[in-house]
Novice: 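Encoded as structure tokens, here's the structure I'll be asking about.
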Amino acid sequence: MSGGDVRTRIAPSPTGDPHMGTLYAALFCKAFAEKHSGTFVLRIEDTDRTRYVPEAVEALHDALHWAHLDPDEGPLAGGPYEPYTQSERLPTYHERAQRLVATGHAYPCFCTPERLARLRAEQEARKEPTRYDRHCLYLPQEEVQQRLRAGEPHTIRLRVPDHGPVTFHDVIRGTISFETSVLTDHILLKSDGYPTSHLAIPVDDYSMRISHVIRAEEWLSSVPYYVLIYRAFAWAEPVFAHLSVLRNADRSKMSKRKNNTSVRWYREHGFLPEAVLNFLALLGWSHPEGEEIFSYEEFRDLLTLERIVKSGPIFDLKKLEWMNGVYIRRLAIGELAERLQPFLSQPVEPEMLERILPLVQERLKTLGEINDALIPFLQEPDPACLPFAQAIKRLTLQDIRHGLELLYPQLTALGAPDASTFEGTVRSLAAELGWKAGDLFMSVRVAVTGTSASPPLYDFCNVIGWSRAFQRLRSALEALPAR
RNA sequence: GCCCCCAUCGUCUAGUGGCCUAGGACAUCACCCUUUCAAGGUGGAGAUCGCGGGUUCGAAUCCCGCUGGGGGUACCA
């Protein structure tokens with residue numbers, strides 16, 4: 001295949017928050033186009049007036065930009081096949097629809113939605129396939145012309161051939177065939193003048209010279225209709241590649257009710273776009289060397305349609321979290337600090353932040369977790385509610401106070417101790433008291449950090465400053481009951 | 001109901017006729033490291049390769065049937 005001619009696209013509908021499935025398709029489309037020095041196109045399918053949400057277009061651009069999946073051509077980027085928004089392409093669809101009518105591949109239909117609903121209900125009741133009964137195909141020509149002239153509301157329907165299979169090839173799934181007898185005369189042009197996707201998709205894909213239609217499997221059963229239209233116009237068909245759909249834990253199609261489907265959710269919780277992309281890539285494709293952590297560039301270079309998986313993967317948030325942690329740990333401190341900025345619920349001195357981050361970096365699964373991680377560093381713990389009892393089961397609160405009372409003067413005498421002196425002091429006092437060293441360390445930890453799970457104690461004190469640490473120790477032990 | 005797609009550990013997958021008494025990762029468990037948590041290291045458990053028939057000297061891998069799951073079935077995309 002000649003490389004420069006590859007053109008892929010995503011064609012989302014602006015109906016709400018950008019969906020992870022859209023990002024998933026965008027990733028494969030963009031990577032595939034880029035690999036072949038081709039072009040990745042964004043086209044907005046806003047032909048359903050009832051579901052249209054104006055802000056959704058901007059949200060979509062934001063989501064793609066966040067993920068570094070900006071389209072090469074699209075409503076914002078422009079391009080040689082403008083416009084890229086379907087509502088602005090109406091004349092094209094009308095012209096194409098008229099042409100299909102003129103060549104006998106389509107026909108006007110005057111049936112009301114009510115009649116169609118009734119028809120469908122009857123067919124369902126009889127457990128028959130729900131298909132249009134072609135009532136308007138058999139109308140006398142004179143009547144059709146007259147009703148058209150009278151301006152009667154109507155749609156344009158595809159005239160599916162009476163016999164024979166519609167066969168096409170999908171790179172991922174092989175040869176797929178539908179009998180025309182199970183197809184229906186789908187509406188191509190709605191009575192409001194807008195096209196349905198059955199018309200708009202093949203017309204636009206052809207007009208925009210899309211070479212590879214890479215998108216989710218949920219579209220597979222519409223392909224025969226596109227193929228029929230391609231053939232009616234004698235257009236060369238694009239290569240089809242249907243990705244499996246992302247699933248919920250119960251294996252149903254990934255949905256809002258059962259999952260976080262919105263790209264925004266992941267962004268706002270502090271998932272790194274590179275981790276999200278890596279994860280999505282791994283869901284639909286496998287690395288030839290079995291690698292799991294790889295960059296977008298590596299994915300793009302290694303991507304072949306043949307290695308795309310056929311079965312529908314369950315979206316496993318746990319694995320994404322793990323992967324996100326891997327990416328966070330790989331960040332240089334300076335960059336981590338920068339990436340954390342939008343997530344900070346309170347301002348932190350840059351210098352302080354850079355001292356804290358080495359201690360919390362490996363404990364973060366998402367950037368959003370930073371605020372909880374910061375609390376021990378920035379906020380004085382409340383001496384009245386320190387978890388001594390839960391953290392140290394072997395000792396009474398009175399014992400703990402006693403131990404800390406003895407430790408306090410020894411520690412303060414040291415000023416700002418070095419690591420081994422600090423450790424030695426705590427250990428020898430623990431030995432004197434007949435305690436396990438860990439219990440004394442834990443007592444100090446709870447007193448100074450306010451929690452039983454913290455970064456390494458010595459480093460922690462160093463970061464917050466020893467005098468502050470000693471103050472916390474003092475307040476904590478004074479709040480403990482004396483013997 | 002009808003049509004299409006899919007089917008390997010709980011989850012994501014490797015595997016394209018013999019290298020598979022099925023490999024890796026997440027999750028899980030144990031141990032190691034260790035003053036806690038995390039990270040890291042080691043090890044364990046976990047899949048009669050959905051079931052049944054073929055083809056073949058030999059099948060997770062090829063064929064057929066079944067079952068299961070998913071998607072579609074709109075004047076939605």
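Order of the sequence lines sets the chain letters (A, B, ...), proteins ahead of strands, with each chain counted from 1. A quick note: this is a predicted structure, and the numbers were derived from the prediction, not measured. These numbers come from the heavy atoms of this one structure, side chains and all, not from hydrogens, waters or symmetry mates.
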Novice: Could you say whether the aromatic ring of A:W219 and the base of B:A77 stack, counting only centre distances under 5.5 Å and plane angles under 30°?
Specialist: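 A stacking contact exists, since A:W219 sits close and nearly parallel to the base ring of B:A77.
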Novice: Which value, in whole Å, describes the distance between the P atoms of nucleotides B:C20 and B:G1?
Specialist: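 Straight-line distance between the two P atoms is 43 Å.
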Novice: Which comes earlier along RNA chain B counting from the 5' end, the contact point of A:R363 or that of A:L283, where each point is its nearest nucleotide?
Specialist: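 Comparing both residues, the 5'-ward one is A:L283.
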Novice: Below the 4.0 Å mark, does B:A7 have OP1 or OP2 next to a side-chain nitrogen or oxygen of A:R251?
Specialist: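 Checking A:R251 against B:A7: no side-chain N or O falls below 4.0 Å of OP1 or OP2.
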Novice: Quick one: label A:T50 by what it contacts on the DNA or RNA (base, sugar-phosphate, nothing), any heavy atom closer than 4.0 Å.
Specialist: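 A:T50: no heavy atom of the nucleic acid under 4.0 Å.
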Novice: If we ignore hydrogens and angles and just use 3.5 Å, is the side chain of A:T85 paired with the main-chain N or O of A:E88 as donor and acceptor?
Specialist: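 Side chain of A:T85 to backbone of A:E88: no pair is present.
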Novice: Please work out if A:S252 contacts a base, only the sugar-phosphate, or nothing of the nucleic acid, heavy-atom cut-off 4.0 Å.
Specialist: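 Since only primed, P, OP1 and OP2 atoms lie under 4.0 Å of A:S252, the category is sugar-phosphate.
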Novice: Give the nucleotide from the list B:G72, B:A25, B:A14 with an atom nearest to the side chain of A:R307.
Specialist: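 Closest nucleotide to the A:R307 side chain: B:A14.
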Novice: Taking the C1' atom of each, how far is B:A74 from B:G69, in whole Å?
Specialist: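 Pairwise C1' distance, B:A74 against B:G69, rounds to 25 Å.
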Novice: Have a look at A:P153 and say if it touches a base, only the backbone sugar-phosphate, or nothing, with a 4.0 Å heavy-atom cut-off.
Specialist: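 Touches nothing.
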Novice: Students often get this wrong, so: under 4.0 angstrom with heavy atoms, is A:E217 touching a base, only sugar-phosphate, or nothing?
Specialist: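 Base contact - A:E217 has a heavy atom under 4.0 Å of at least one base atom.
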Novice: Under 4.0 Å, heavy atoms only, any strand: does A:K319 hit a base, just the sugar-phosphate, or nothing?
Specialist: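 Base contact - A:K319 has a heavy atom under 4.0 Å of at least one base atom.
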Novice: Which is true for A:S286 with a 4.0 Å heavy-atom rule: it touches a base, it touches only sugar-phosphate, or it touches nothing?
Specialist: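 The residue A:S286 makes sugar-phosphate contact but no base contact.
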Novice: Looking only at heavy atoms, what is the nearest atom pair of A:C29 and A:T8, with distance?
Specialist: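 Answer, listing the atom of A:C29 first, then A:T8: O-OG1, 2.8 Å.
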Novice: Under a 3.5 Å limit for both distances, which nucleotide forms a Watson-Crick or G-U wobble pair with B:A7, could you say?
Specialist: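 WC or wobble partner is B:U67.
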Novice: Distance check: side-chain N/O of A:R247 vs OP1/OP2 of B:C6, anything under 4.0 Å?
Specialist: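 Answer is no, no contact under 4.0 Å.
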Novice: Distance check, P atoms only: B:C51 and B:G68, in whole angstrom units.
Specialist: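 Each nucleotide's P atom is 15 Å from the other's.
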Novice: Test for a donor-acceptor pair under 3.5 Å between the base of B:C3 and the side chain of A:S221, counting only N and O atoms.
Specialist: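 Side chain to base: no pair below 3.5 Å.
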Novice: Return yes if a side-chain donor-acceptor contact under 3.5 Å exists between A:Y266 and A:N324, otherwise no.
Specialist: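 Absent: no donor and acceptor within the cut-off.
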Novice: Verify whether one side chain among A:S255 and A:N248 offers a donor that lies under 3.5 Å from an acceptor in the other.
Specialist: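 A donor-acceptor contact under 3.5 Å links the two side chains.
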Novice: Counting Watson-Crick and G-U wobble pairs only, both distances under 3.5 Å, name the nucleotide matched with B:U28, or none.
Specialist: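 Across any shown strand, B:U28 pairs with B:G44.
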Novice: Suppose we define a pair by two distances each less than 3.5 Å, Watson-Crick or G-U wobble; what does B:U73 pair with here?
Specialist: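 Partner of B:U73: B:G1.
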Novice: Does A:R445 reach a base, just sugar-phosphate, or nothing at all? Heavy atoms under 4.0 Å.
Specialist: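 Base: the residue A:R445, judged by heavy atoms under 4.0 Å, touches a nucleobase.
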Novice: Please report the distance separating the P of B:G17 from the corresponding atom of B:G10, rounded so that it comes out in whole Å.
Specialist: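 Their P atoms lie roughly 27 Å apart.
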Novice: Paired with B:C33 by Watson-Crick or G-U wobble geometry, both distances under 3.5 Å: which nucleotide is it?
Specialist: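 In the structure as shown, B:C33 has no Watson-Crick or wobble partner.
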Novice: Does A:K318 make a side-chain N or O approach to OP1 or OP2 of B:G10 shorter than 4.0 Å?
Specialist: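 No, outside the criterion.
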Novice: Under 4.0 Å from OP1 or OP2 of B:A74: is there any side-chain N or O of A:T130 that close?
Specialist: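 Yes.
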Novice: Have a look at A:C111 and say if it touches a base, only the backbone sugar-phosphate, or nothing, with a 4.0 Å heavy-atom cut-off.
Specialist: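 If one applies the 4.0 Å heavy-atom cut-off, A:C111 turns out to touch a base.
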Novice: Using the C1' atom as the point on both nucleotides, what is the distance between B:U67 and B:A25, in whole Å?
Specialist: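 Going atom to atom, C1' in each nucleotide, I get 30 Å.
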Novice: Do the side-chain N or O atoms of A:K190 get closer than 4.0 angstrom to the phosphate oxygens (OP1, OP2) of B:C76?
Specialist: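 It does, given that an N or O in the side chain of A:K190 lies less than 4.0 Å from OP1 or OP2 of B:C76.
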Novice: Regarding A:R329, tell me which of base, sugar-phosphate or nothing describes its non-hydrogen contacts under 4.0 Å with the strands shown.
Specialist: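 Sugar-phosphate, backbone atoms only, no base.
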Novice: Classify the nucleic acid contact of A:P313 as base, sugar-phosphate or nothing, counting any heavy atom under 4.0 Å across all strands shown.
Specialist: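 Answer is sugar-phosphate: A:P313 comes under 4.0 Å of backbone atoms only.
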Novice: Could you give the distance separating B:G15 and B:C49 at their C1' atoms, to the nearest angstrom?
Specialist: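 About 10 Å, rounded to a whole number of Å.
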Novice: Between B:G71 and B:U56, how far apart are the P atoms? Round to whole Å, please.
Specialist: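 It comes out at 40 Å once rounded to the nearest Å.
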Novice: Would you indicate which nucleotide in B:A25, B:C37, B:U35 comes nearest to any side-chain atom of A:Y458?
Specialist: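 Side chain of A:Y458 sits closest to B:U35.
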Novice: Using a cut-off of 4.0 Å on non-hydrogen atoms, how would the nucleic acid contact of A:V360 be classed: base, sugar-phosphate, or nothing?
Specialist: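 The answer is nothing, as A:V360 stays clear of every strand by at least 4.0 Å.
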Novice: Give A:L220 one of three labels, base, sugar-phosphate or nothing, depending on what nucleic acid heavy atoms sit under 4.0 Å from its own.
Specialist: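 Touches sugar-phosphate only.
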Novice: Select base, sugar-phosphate, or nothing to describe what A:P12 touches, counting heavy atoms under 4.0 Å on all strands.
Specialist: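 Contact class for A:P12: none.
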Novice: Counting any heavy atom closer than 4.0 Å, what does A:R51 reach on the DNA or RNA strands: base, sugar-phosphate only, or nothing?
Specialist: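 Base: the residue A:R51, judged by heavy atoms under 4.0 Å, touches a nucleobase.
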Novice: Measuring from the side chain of A:D316 (C-beta onward, heavy atoms only), which nucleotide among B:C3, B:G71, B:C26 has the closest atom?
Specialist: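 Comparing B:C3, B:G71, B:C26 against the side chain of A:D316, the answer is B:C26.
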Novice: Establish, with yes or no, whether the OP1 or OP2 oxygen of B:A77 is under 4.0 angstrom from a side-chain nitrogen or oxygen of A:S197.
Specialist: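 It does, given that an N or O in the side chain of A:S197 lies less than 4.0 Å from OP1 or OP2 of B:A77.
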Novice: Is the side chain of A:D205 donor-acceptor paired with the backbone N or O of A:P238 at a distance under 3.5 Å, no angle test?
Specialist: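 Here the side-chain-to-backbone pair does not exist.
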Novice: Name the closest nucleotide to the A:K127 side chain, picking from B:A77, B:G1, B:C4.
Specialist: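 Selected nucleotide: B:G1.
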Novice: Taking B:A77 as the reference, what is the distance to B:U61 when you measure between their C1' atoms (whole Å, please)?
Specialist: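 Looking at atom C1' only, B:U61 and B:A77 are 38 Å apart.
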Novice: A:D133 and salt bridge (Lys or Arg N to Asp or Glu O under 4.0 Å): which single residue from A:R157, A:R115, A:R118, A:R120 fits?
Specialist: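 Testing each of A:R157, A:R115, A:R118, A:R120 against A:D133, the sole residue satisfying salt bridge (Lys or Arg N to Asp or Glu O under 4.0 Å) is A:R115.
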Novice: Hey, which of these two, A:D48 or A:S311, hits RNA chain B nearer its 5' end, going by closest nucleotide?
Specialist: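 Nearest nucleotide further toward 5': that of A:S311.
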Novice: For B:G1 and A:R120 - does any side-chain N or O of the residue sit under 4.0 Å from the phosphate oxygens OP1/OP2?
Specialist: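 For B:G1, neither OP1 nor OP2 has a side-chain N or O of A:R120 closer than 4.0 Å.
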Novice: Distance alone, cut at 3.5 Å: any donor-acceptor contact between the side chains of A:E179 and A:H163?
Specialist: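 On atom types as modelled, these side chains do not qualify, holding no pair under 3.5 Å.
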Novice: Check whether any side-chain nitrogen or oxygen of A:T15 sits under 4.0 Å from OP1 or OP2 of B:A77, and answer yes or no.
Specialist: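 Answer is no, no contact under 4.0 Å.
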Novice: Any donor-acceptor pair under 3.5 Å linking the side-chain atoms of A:S207 with those of A:D204?
Specialist: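 There is no such pair between these side chains.
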Novice: Counting side-chain heavy atoms from CB outward, which of B:U35, B:A74, B:C37 is closest to A:F441?
Specialist: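 For A:F441, the side-chain atoms sit closest to B:U35.
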Novice: Treating A:K393 as the side-chain partner and A:Q390 as the backbone partner, does any N or O pair qualify as donor plus acceptor under 3.5 Å?
Specialist: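 Yes, A:K393 side chain to A:Q390 backbone: donor-acceptor pair under 3.5 Å.
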Novice: Just N and O in the side chain of A:R131: are any of them under 4.0 Å from OP1 or OP2 of B:U73?
Specialist: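 So the side chain of A:R131 is outside the cut-off, no N or O lying under 4.0 Å from OP1 or OP2 of B:U73.
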Novice: Nearest to the side chain of A:V309, heavy atoms from C-beta on, is which of B:C76, B:U13, B:C3?
Specialist: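 My answer, after comparing the listed nucleotides, is B:U13.
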